[in-house]
Amino acid sequence: MIKTDILIIGAGPTGLFTVFEAGLLKLKCHLIDALPQPGGQCSEIYPKKPIYDIPAYPEILAGDLTEKLLEQGKQFEPGFTLGERAETIEKQDDGTFIVTTNKGTKHHAPVVAIAGGLGSFEPRKPKIHNIHLYEDKGVEYMIKDPEIYRDKKVVIAGGGDSALDWSIFLTDVAKEVTLIHRRNEFRGALDSVEKVQELKNQGKINLITPAEVVGILGEDHVTGVVVEQVQQIKKEFEIECDHFVPLFGLSPKLGPIADWGLEIEKNAIKVNNALDYQTNIPGIFAIGDVNTYPGKLKLILCGFHEATLMCQAAYQIINPGKRYVLKYTTVSGIDGFDGSRKEAPKAVVKAIE
Amino acid sequence: MEMQDIKLTIIDRDGVTHDVDAPTDMAMNLMEVIRSYELAPEGTIGICGGMAMCASCQCYVLSDHELPEMQDDEEAMLSEAFDVQENSRLGCQIQITPEMDGLKIELAPES
Ligand SMILES: Cc1cc2nc3c(=O)[nH]c(=O)nc-3n(C[C@H](O)[C@H](O)[C@H](O)COP(=O)(O)OP(=O)(O)OC[C@H]3O[C@@H](n4cnc5c(N)ncnc54)[C@H](O)[C@@H]3O)c2cc1C
Ligand code: FES
């Protein structure tokens, strides 16, 4: 059982910034995310695109924002359960909560902060008739641990950034990389497209376009895929492989959280915005894109603000009646849970002669 | 300010027909009009914010209006999307203009 002060569901920008604000109050955080990496929409949908409305950053790439948030919270040693979806919540007699993921990992905390954005990112599965038979038996919709592809033959399908970037990455790991796409054109960052072109020319990526995987072969594990290629004439052939990784993007689904007894409106969780962003269940908060209240805006900076106020309420729940006074980070410095300290340099007191 | 609303007919994912007015002077696209009338639940449309990167705004054009030509990114996204038909377009790539008065579209299923 993982124990923490604030259990955060969703490691998007809102969840990541919560780690920092909680840390200032000496509260420890643990984050659960269905994605294999932190960053939420910023890392899944638009990591290479700029954002222009983060205060004090005239321009920052969404991927860089994620990096900076991780760096800012690092000394508060957040825990992560990645690649798992929070599935159930049980309130204990003492008012604390146990949250269990789809993989059975249990988390115990007095406060739960749902920072689930538009929902848990679920893969968009291609319509291949027998694909469900091979899930986790050679078919993976997201790459969680690239090492499982070491010295294996991998077929990747898709035409976007993730298909391109993983094909590039796996050429150094896998025995054979085949990239299949319905069209000759790919849609991604220029350097990724150029790199795949280069690797194709060097014979390191076997590129098949315009083509589509239409079937999967194998007894109880993938041993190959059936490919349909349409050039002048339509032809069907088989490719031997150990893994088939269709990367057709992920779409967010509110999913199991919708059944937790929370008040839901327009696919979002209703909260008390006059006070602390608590939901109708005391001890469960909802912050960032996942919540709704009159005038709600789904913006990163709004999530940061909500996270900050929520942490104050969490402090009161965890330390009932304990005095607290807001301190400026400049004045008090930051004491990390890892023993590190950051502080403003002292002014010198020295005569000028 | 001069009113320049046009009329659109939108069939939602449950098959219900809606006749709506859309402004032509607010730099809105079809996906945004659909969201502003809440014709699809929040979080099921416009997921990528309108960058032709998610296809959650896919719709079928039912009337024979002359629409702006598809750009590369729209074509590329549609080639990866599901439930694509001959008349599929991405709503977020269609800016509302006066010429679109009377346009009729149907939302593609959620995927
Ligand atoms: C293309 C695009 C451009 C944007 N541009 C801007 C901009 O310029 N400025 C701006 O302020 N905002 C912008 N946004 C919006 C911004 O990205 C969001 O407001 C922000 O990501 C919300 O952060 P969040 O942490 O609340 O949620 P998210 O980033 O959505 O993260 C939520 C995370 O929770 C996880 N999750 C949900 N439920 C579960 C569960 N049950 N179990 C496990 N994990 C779960 C999800 O997998 C996800 O990773 C843009 C969005 C997009 C798509
Ligand atoms: S809103 Fe994502 S493609 Fe149109």
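Side chains are part of it too, since the values below use all heavy atoms of this structure and drop only hydrogens, waters and symmetry mates. Below, read A as the first sequence line, B as the second, and so on, with proteins coming before strands; counting in each chain starts at 1. Note that the coordinates shown come from a computational prediction; the quantities given were computed from them, not determined experimentally.
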Atom CG of residue position Asn184(A) - does it have more than 12 heavy atoms of other residues, nucleotides or ligands inside 6.0 Å? yes
Could you tell me which portion of Cys54(B) (side chain, backbone, both or neither) has an atom closer than 4.5 angstrom to a non-hydrogen atom of chain A? backbone
Heavy-atom count check: over 12 atoms from other residues, nucleotides or ligands less than 6.0 Å from Glu66(B) CD? no
Between Arg187(A) and Glu80(B), does any side-chain N to carboxylate O distance fall below 4.0 Å? yes
Check: Asn267(A) side chain, Glu42(B) main-chain N or O, donor-acceptor pair, under 3.5 Å: yes
Without swapping roles, check the side chain of Arg182(A) against the backbone of Ser79(B) for a donor-acceptor pair under 3.5 Å. yes
What's the separation between atom CG in Leu254(A) and atom OG1 in Thr44(B), rounded to the nearest 0.5 Å? 12.0 Å
Please look at Ile45(A) and chain B and tell me whether the side chain, the backbone, both or neither of the residue comes under 4.5 angstrom of a heavy atom of that chain. both
Under 4.5 Å from any heavy atom of chain B - which part of Lys125(A): backbone
Less than 4.0 angstrom from a charged side-chain N to a carboxylate O is my criterion; do Lys127(A) and Asp83(B) meet it? yes
Between Glu38(B) and chain A, which part of the residue has a heavy atom less than 4.5 Å away: side chain, backbone, both or neither? side chain
Of Ala76(B), Cys48(B), Ala52(B), Gly49(B), the largest count of non-hydrogen pairs under 4.5 angstrom with chain A goes to Ala76(B)
Partners meeting side-chain hydrogen bond (donor to acceptor under 3.5 Å, both in side chains) with Ser56(B) (sequence neighbours left out): none
If you tally heavy-atom pairs under 4.5 Å against chain B, which of Lys49(A), Glu185(A), Glu212(A), Glu122(A) wins? Lys49(A)
So, taking the atom named OH in Tyr46(A) and the one named CE in Met53(B), what distance separates them when rounded to the nearest 0.5 Å? 10.0 Å
Tell me whether the count of non-hydrogen atoms from other residues, nucleotides or ligands lying under 6.0 Å of CD in Glu236(A) goes above 12. yes
Lys48(A) NZ: over 12 foreign heavy atoms closer than 6.0 Å: yes
Contact part of Met77(B) toward chain A, heavy-atom cut-off under 4.5 Å: side chain, backbone, both or neither? both
